[in-house]
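Take a look at the structure below.
No experiment lies behind these values; they were computed from the predicted model shown.
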Amino acid sequence: MAQIKQVGVGRKTTGTIDGITYYVLNGKTFARSTPTMPASAYNTPEARVRQAIFKFIQMHMKLHLRTIRQTFTAKTGTPCNCYYSVNGKALTVSGHFRPVRA
């Protein structure tokens, strides 16, 4: 990721052009390249399992967000990041998830 320090056109601009994504974070413009993975890489059984696990974790953390904020205090980052650091291994156990065969 590169920080854009130019003055004029492109400063504080967001969007994607020619495989480069521009975004603004804390008033500074950054650029990064977009991934060039083919769409078929997201349709494998392993990818679908990873996507299901990710959705499960996101739903779990959203439902328990109030408790997480009251329970965890993080010196750096957010309480959710601290919670995931402590419980991430237990949440991502993939032994319980089996890909559905069509």
Checklist entry - Could you state the interatomic distance from SG (Cys80) to NZ (Lys62), rounded to the nearest 0.5 Å? => result 12.0 Å
Checklist entry - Where is the tightest heavy-atom contact between Tyr42 and Gln51, given as atom of each residue plus distance? => result O-NE2, 3.3 Å
Checklist outcome for this item: Closest non-hydrogen contact found for Met61 with Ile68 is O-CD1, 4.0 Å
Next on the checklist: Tell me whether Tyr84 shares a hydrophobic cluster with Val86, the cluster being built from Ile, Leu, Val, Met, Phe, Trp, Tyr side chains joined at under 4.5 Å.
Outcome noted: yes
Checklist entry - Just wondering, do Thr73 and Cys82 contact through their side chains at under 4.5 Å, heavy atoms? => result no
Checklist entry - Minimum heavy-atom separation for Thr16 to Gly19, with atom names? => result CG2-N, 4.4 Å
Item to check | Heavy-atom side-chain contact between Tyr83 and Thr71 under 4.5 Å | outcome: no
Checklist outcome for this item: When every non-hydrogen atom of Arg69 is compared with those of Pro79, the smallest separation belongs to CA-CB, 4.1 Å
Next on the checklist: Membership question, hydrophobic clusters at under 4.5 Å side-chain separation (ILVMFWY): are Phe56 and Ile53 in the same one?
Outcome noted: yes
Checklist entry - Just how far is it from atom CD of Gln70 to atom CG of Leu65, taken to the nearest 0.5 Å? => result 10.0 Å
Item to check | Distance in Å, His60 NE2 paired with Asn87 CG, rounded so as to fall on 0.5 Å steps | outcome: 7.0 Å
Item to check | Distance (rounded to the nearest 0.5 Å) between Phe30 CZ and Ile20 CD1 | outcome: 15.5 Å
